[in-house]
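Quick notes on the structure that follows.
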Amino acid sequence: MDFMTAFDIGASALSAERTQINITSMNLANVKTTRTPGGGPYQRKAVTLAAENVDSPFSVHMKSALDRELRGVRVMDIARDQRPFKQVYEPGHPDANQEGYVLYPDINVVEEMTNMMTASRGYEANVTSIETIKNMFNKALMLGT
């Protein structure tokens with residue numbers, strides 16, 4: 001594995017973690033959203049990640065079988081969660097139905113904060129790995145001087 005492949009793997013992970021943090025932030029911001037432009041309460045979103053090749057097709061043919069096992073990560077899908085909405089009795093709310101119930105998104109703040117911390121730690125770990133690769137490359141360059 002060359003150092004650029006290691007950078008590509010780290011960069012793909014950074015991009016995926018950034019997407020996870022953005023989606024989690026969106027879920028947290030809409031915990032109490034009862035009305036969206038599409039109608040109805042906000043629906044929680046979830047990120048699905050998948051392994052991805054980091055090499056171009058040409059480089060795949062030029063590398064050994066061991067190097068071909070290296071994969072990055074990509075966002076495969078951002079899906080709407082199908083959990084049912086929470087019904088809260090608030091007869092004075094403008095979005096209450098005839099019985100006085102308001103539909104809120106079923107977003108668990110603790111779950112979202114856990115997802116946020118996991119993505120944040122993953123992001124930090126990938127930044128550290130990229131810094132380590134950069135330092136190794138700089139040390140290798142200094143060997144020739």
Pair up each side-chain donor or acceptor in residues 39-51 with any protein partner under 3.5 Å, not counting sequence neighbours, and list the distances.
{"from": "Y42", "atom 1": "OH", "to": "N27", "atom 2": "OD1", "distance (Å)": "2.8"}
{"from": "R44", "atom 1": "NE", "to": "E112", "atom 2": "OE2", "distance (Å)": "2.5"}
{"from": "R44", "atom 1": "NH1", "to": "D81", "atom 2": "OD2", "distance (Å)": "3.0"}
{"from": "R44", "atom 1": "NH2", "to": "E111", "atom 2": "OE2", "distance (Å)": "3.4"}
{"from": "R44", "atom 1": "NH2", "to": "E112", "atom 2": "OE2", "distance (Å)": "3.2"}

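Under a 3.5 Å cut-off, the side chain of T24 and the backbone N or O of I21 do not form any donor-acceptor pair. Side chain of E17 to backbone of S15: no donor-acceptor contact under 3.5 angstrom is found. Remark: side-chain polar atoms of S129 are paired, donor with acceptor, to backbone N or O of N126 under 3.5 angstrom.
Counting only residues at least two apart or in different chains, salt bridge (charged side-chain N to carboxylate O under 4.0 Å, His left out) contacts with residues 94-109 comprise R35-D95. Residue pairs meeting the salt bridge (charged side-chain N to carboxylate O under 4.0 Å, His left out) criterion with at least one partner in residues 125-145, sequence neighbours excluded, are E131-K134. For residues 75-99, the pairs satisfying ring-ring contact (aromatic ring centres under 6.0 Å, His included) are Y89-Y101, with sequence neighbours left out. For residues 125-145, the set of pairs meeting the ring-ring contact (aromatic ring centres under 6.0 Å, His included) definition, not counting sequence neighbours, comprises F3-F137.
Between V73 and E52, the closest heavy-atom pair is O-OE1, 3.7 Å.
Considering CD1 of I130 and CG of N135, their distance stands at 12.0 Å, rounded to 0.5 Å.
Remark: Y123 pairs with no residue by the ring pair (Phe, Tyr, Trp, His ring centres under 6.0 Å) rule, at least two apart or across chains. Here N30 pairs with T33 under the side chain to side chain donor-acceptor pair (under 3.5 Å) rule; sequence neighbours left out. Under the rule for a salt bridge (Lys or Arg N to Asp or Glu O under 4.0 Å), the partners of E124 that lie at least two apart in sequence or sit in another chain are R121.
Grouping Ile, Leu, Val, Met, Phe, Trp and Tyr residues whose side-chain heavy atoms lie under 4.5 Å apart, directly or via other members, leaves M136 alone, with no other cluster members. In the hydrophobic clustering (ILVMFWY side chains linked at under 4.5 Å, chained through shared members), V110 stands by itself.
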